[in-house]
Amino acid sequence: MGDTILEMKHVTKKFPGVIALNDVSIDVKKGEILGIVGENGAGKSTLMKVLSGSYTNKEYEGEIWIDGKKQTFTSVADAKKVGIEMVYQEVNAMYEASVAENIFVGNLPGSHVVDYKMLYTKTQELLDQLGLEVTPKTLAGSLNSGQLQLMSIVRAIAVNPRIIVFDEPTTALTDSEVDILMNFLERLRSDGVACIYISHKLEEIFRICDRVTIIRDGNVITTGNIGDFDQNSLVEGMIGRKVENMYVKSSHKIGETVLVVNHLSVPHPTIDNRNIVDDISFSLKRGEILGIGGLVGAGRSEALGAVFGQFTKGVTKQVKINGQEVTINSPKDAIKAGIGFVTEERKRTGFIQTMSIRHNLSLISLYDLPKRYFIDRGVEDEKAGAIFGRMKVKAPSMETMVVNLSGGNQQKVVLGKWLMKNPQILFIDEPTKGIDVGAKAEFYKIMDELACAGVSIIMVSSDMPELISMSDRILVLSNGRITGEFDHDEAAQSAIMKAAIADQ
Ligand SMILES: Nc1ncnc2c1ncn2[C@@H]1O[C@H](COP(=O)(O)OP(=O)(O)OP(=O)(O)O)[C@@H](O)[C@H]1O
Ligand SMILES: [Mg+2]
């Protein structure tokens with residue numbers, strides 16, 4: 001490990017009603033990976049936005065030093081000039097442009113006209129390095145969230161930076177894609193690049209980081225070599241207490257069949273004459289938690305989305321609820337039929353960014369309007385307040401706009417919105433993506449309570465411990481087909497993985 005390349009000294013950043021960072025100092029050496037951990041809203045992303053020039057030097061107090069020289073960044077371009085690149089927590093893509101254009105935006109090869117041949121060759125080389133199986137010409141809008149996440153990583157490394165920040169780079173990646181990323185990080189480390197790695201997945205922190213800084217409520221709690229921590233001490237540093245029992249699952253009665261889905265097929269969004277979900281049938285019982293495992297791209301989210309009526313083009317399906325056939329051609333139909341859906345891609349479909357937490361939480365209840373004619377403010381406040389408190393949404397008040405929340409707290413709002421609605425059937429896609437360990441434990445408790453109260457849940461998850469611990473039954477999808485079914489007691493990680501990569 002070499003010399004210190006980056007120092008951030010005494011950084012303080014305030015927002016109205018919030019001190020996001022309070023006198024924070026960190027440093028990173030050449031060829032080192034520094035982990036940063038902390039609860040949702042602790043200030044991790046804000047610190048990185050300071051580093052990347054997203055906030056100008058007038059908007060915070062403190063100093064940034066690179067190679068022993070004090071820097072003044074007034075824009076993101078300034079930070080890029082000295083070799084700082086970011087992989088953001090929220091994927092920002094131009095969905096109408098190709099993968100190649102997304103990767104090289106701002107640096108397109110060619111002097112006057114873009115040299116597309118060169119662009120595609122260079123892009124292909126980079127895609128191969130990260131094992132991303134899409135073509136340079138593919139439209140970004142047709143990629144799934146895992147592929148988008150890998151694309152934004154490729155975009156960051158394309159310019160050979162000296163310092164790279166990864167802000168939760170693996171939330172949409174499956175285990176094998178995480179492996180690829182980890183190998184890649186090791187390569188960056190041996191090339192002398194300095195990396196900052198933010199994640200709520202502590203096993204990743206232990207696997208790849210050399211040192212770790214713990215932040216709580218905008219304050220650095222401690223920094224140390226990774227070897228000086230274990231899971232418990234890290235969690236305790238982050239949330240100030242121990243988490244005794246992560247996965248709560250109480251035994252309860254599983255009742256009669258509530259939902260039957262027959263012969264569900266969904267056409268592939270980009271490949272002609274191929275189905276991304278290929279003639280699958282499954283059912284769900286009262287109070288049951290049905291887990292759906294598989295790799296990113298296996299068709300899991302598409303299956304749920306198609307049942308929910310999010311897309312209908314070319315979809316074939318038969319849906320029965322409580323023995324009655326129902327027609328679901330839109331999310332509105334699905335909600336009327338008693339189904340709720342916590343989507344994976346919150347930015348695209350999860351919430352309205354420029355509305356307050358309160359209104360986002362009660363948004364879905366608006367579908368009841370024709371029956372009730374007005375929203376009962378008192379009831380809305382009480383319900384929203386209860387969920388707000390339980391999920392520990394970190395914000396000055398319920399009137400805070402969702403766009404100003406940290407990534408994990410936005411996810412809590414999306415979850416809370418559906419919990420308020422009390423649906424009979426709840427679809428949840430990657431529920432704990434990006435939320436901290438304390439909130440995770442609380443969410444599992446809520447999910448268990450819902451199941452005990454007779455709510456039937458289908459949960460798509462790439463988090464193996466979560467899938468195995470919380471599901472009563474697990475279906476595994478591979479290439480759009482069901483390749484495995486396991487009961488809670490017989491589900492083992494190895495068997496699930498085997499089914500997930502089963503060849504059709
Ligand atoms: N633009 C903004 N306006 C107002 N408050 C903000 C803004 N950006 C961040 N905050 C607040 O600053 C605090 C720190 O947020 P930050 O996004 O840095 O958290 P984080 O550690 O990255 O959390 P997560 O793990 O959920 O991503 C939070 O309380 C957040 O609501
Ligand atoms: Mg963040």
Side-chain angles (χ1 to χ4, degrees), residues 2-16 18-38 41-94 102-108 152-169 185 188-189 191-199 211-213 215 218-220 223 403-407:
D3 319 322
T4 296
I5 171 165
L6 165 72
E7 287 169 281
M8 295 181 80
K9 298 181 186 174
H10 308 293
V11 177
T12 294
K13 169 77 188 154
K14 294 173 187 155
F15 296 109
V18 182
I19 300 175
L21 297 167
N22 183 22
D23 194 20
V24 169
S25 299
I26 60 163
D27 64 275
V28 194
K29 298 179 183 66
K30 254 190 187 151
E32 181 185 54
I33 303 175
L34 175 74
I36 300 186
V37 296
K44 306 177 296 292
S45 296
T46 303
L47 185 64
M48 294 305 115
K49 283 178 190 156
V50 167
L51 176 62
S52 67
S54 296
Y55 299 122
T56 70
N57 61 324
K58 303 238 161 40
E59 293 173 289
Y60 61 88
E61 293 155 46
E63 296 173 358
I64 299 171
W65 292 65
I66 308 251
D67 293 329
K69 280 194 219 94
K70 192 175 159 192
Q71 307 290 317
T72 323
F73 299 152
T74 54
S75 68
V76 172
D78 283 353
K80 279 179 182 280
K81 260 184 231 148
V82 296
I84 299 172
E85 281 295 324
M86 294 276 294
V87 176
Y88 287 99
Q89 183 171 8
E90 300 291 337
V91 171
N92 286 305
M94 301 180 296
N102 265 281
I103 289 171
F104 282 100
V105 61
N107 303 298
L108 293 169
S152 58
I153 293 168
V154 173
R155 182 166 55 197
I157 60 176
V159 295
N160 292 320
R162 301 181 62 209
I163 299 166
I164 312 185
V165 176
F166 295 88
D167 194 348
E168 291 187 59
L185 277 160
L188 291 175
R189 170 159 56 197
D191 288 348
V193 177
C195 298
I196 295 178
Y197 194 88
I198 297 173
S199 181
R211 283 187 307 139
V212 62
T213 293
I215 300 185
N219 295 285
V220 172
T223 296
V403 68
N404 290 335
L405 295 181
S406 76

> If only atom types and distance count, is the side chain of S52 paired as donor or acceptor with the main-chain N or O of V76 below 3.5 Å?
Replying inline: no
> Shortest non-hydrogen contact from V220 to S25?
Replying inline: CG2-O, 4.0 Å
> Between D167 and S45, does any side-chain donor sit less than 3.5 Å from a side-chain acceptor?
Replying inline: yes
>> Nearest 0.5 angstrom please: S54 OG to Y60 OH, how far?
In response: 10.5 Å
> Between D27 and R211, is a salt bridge (charged side-chain N to carboxylate O under 4.0 Å, His left out) present by the stated rule, with each step listed?
Replying inline: CA-CA 10 Å; D27 64 275; R211 283 187 307 139; 3.2 Å; yes
>> If you apply the rule side chain to side chain contact (heavy atoms under 4.5 Å, CB included), what do you find for T223 with I26, and how did you get there?
In response: CA-CA 8 Å; T223 296; I26 60 163; 5.5 Å; no
>> Does any part of the side chain of N219, heavy atoms only, come nearer than 4.5 Å to the side chain of V24, both counted from C-beta?
In response: no
> Hey, mind stepping through V11 and E61 against side chain to side chain contact (heavy atoms under 4.5 Å, CB included) and telling me if it holds?
Replying inline: CA-CA 5 Å; V11 177; E61 293 155 46; over 6 Å; no
> So does R189 pair up with E32, basic N to acidic O under 4.0 Å?
Replying inline: no
> With a 4.5 Å heavy-atom cut-off, do N102 and R155 have their side chains touching?
Replying inline: yes
>> Do Q71 and V82 have side chains that approach each other closer than 4.5 Å (heavy atoms only, starting at C-beta)?
In response: yes
> Do I163 and I66 have side-chain heavy atoms sitting under 4.5 Å apart?
Replying inline: yes
> Checking S406 side chain against G41 main chain: does a donor-acceptor pair fall under 3.5 Å?
Replying inline: yes
> When you look at I33 and L185, which way does the side chain to side chain contact (heavy atoms under 4.5 Å, CB included) test go after all the steps?
Replying inline: CA-CA 8 Å; I33 303 175; L185 277 160; 4.2 Å; yes
> Rounded to the nearest 0.5 Å, how far does OG1 of T46 lie from CD1 of I19?
Replying inline: 13.0 Å
>> Any heavy-atom pair between the side chains of V37 and I215 that's under 4.5 Å?
In response: no
> What closest approach, in Å, do A194 and K29 show between heavy atoms, and which atom pair accounts for it?
Replying inline: CB-O, 3.4 Å
> Do the side chains of F73 and N57 get nearer than 4.5 Å, heavy atoms only?
Replying inline: no
>> Counting only heavy atoms not in K9 (residues, nucleotides, ligands), do more than 12 fall under 6.0 Å from its NZ?
In response: yes
> When rounded to the nearest 0.5 angstrom, what is the spacing between CD1 in I36 and CG in L34?
Replying inline: 5.0 Å
> So, the side chain of K44 versus the backbone of G38: is there a donor-acceptor pair under 3.5 Å, distance only?
Replying inline: yes
> Hey, mind stepping through I196 and L6 against side chain to side chain contact (heavy atoms under 4.5 Å, CB included) and telling me if it holds?
Replying inline: CA-CA 10 Å; I196 295 178; L6 165 72; 4.0 Å; yes
> Within the distance-only criterion (no hydrogens, no angle test), does the side chain of E168 pair as donor or acceptor with the backbone N or O of F166 below 3.5 angstrom?
Replying inline: no
> Measuring from L188:CG to C195:SG, what's the distance to the nearest 0.5 Å?
Replying inline: 5.0 Å
>> My understanding is that only residues two or more places apart in sequence, or in another chain, count here; which of them pass salt bridge (charged side-chain N to carboxylate O under 4.0 Å, His left out) with D67?
In response: R162
>> Distance check, rounded to the nearest 0.5 Å: L51 atom CG versus M86 atom CE?
In response: 7.0 Å
> Does a salt bridge link K13 with D23, judged by any charged N lying under 4.0 Å from a carboxylate O?
Replying inline: no
> Heavy atoms, side chains only, cut-off 4.5 Å: are V28 and T4 in contact?
Replying inline: no
> Do the side chains of M48 and I198 get nearer than 4.5 Å, heavy atoms only?
Replying inline: yes
> Nearest 0.5 Å, what's the OH-CG distance between Y55 and L21?
Replying inline: 9.0 Å
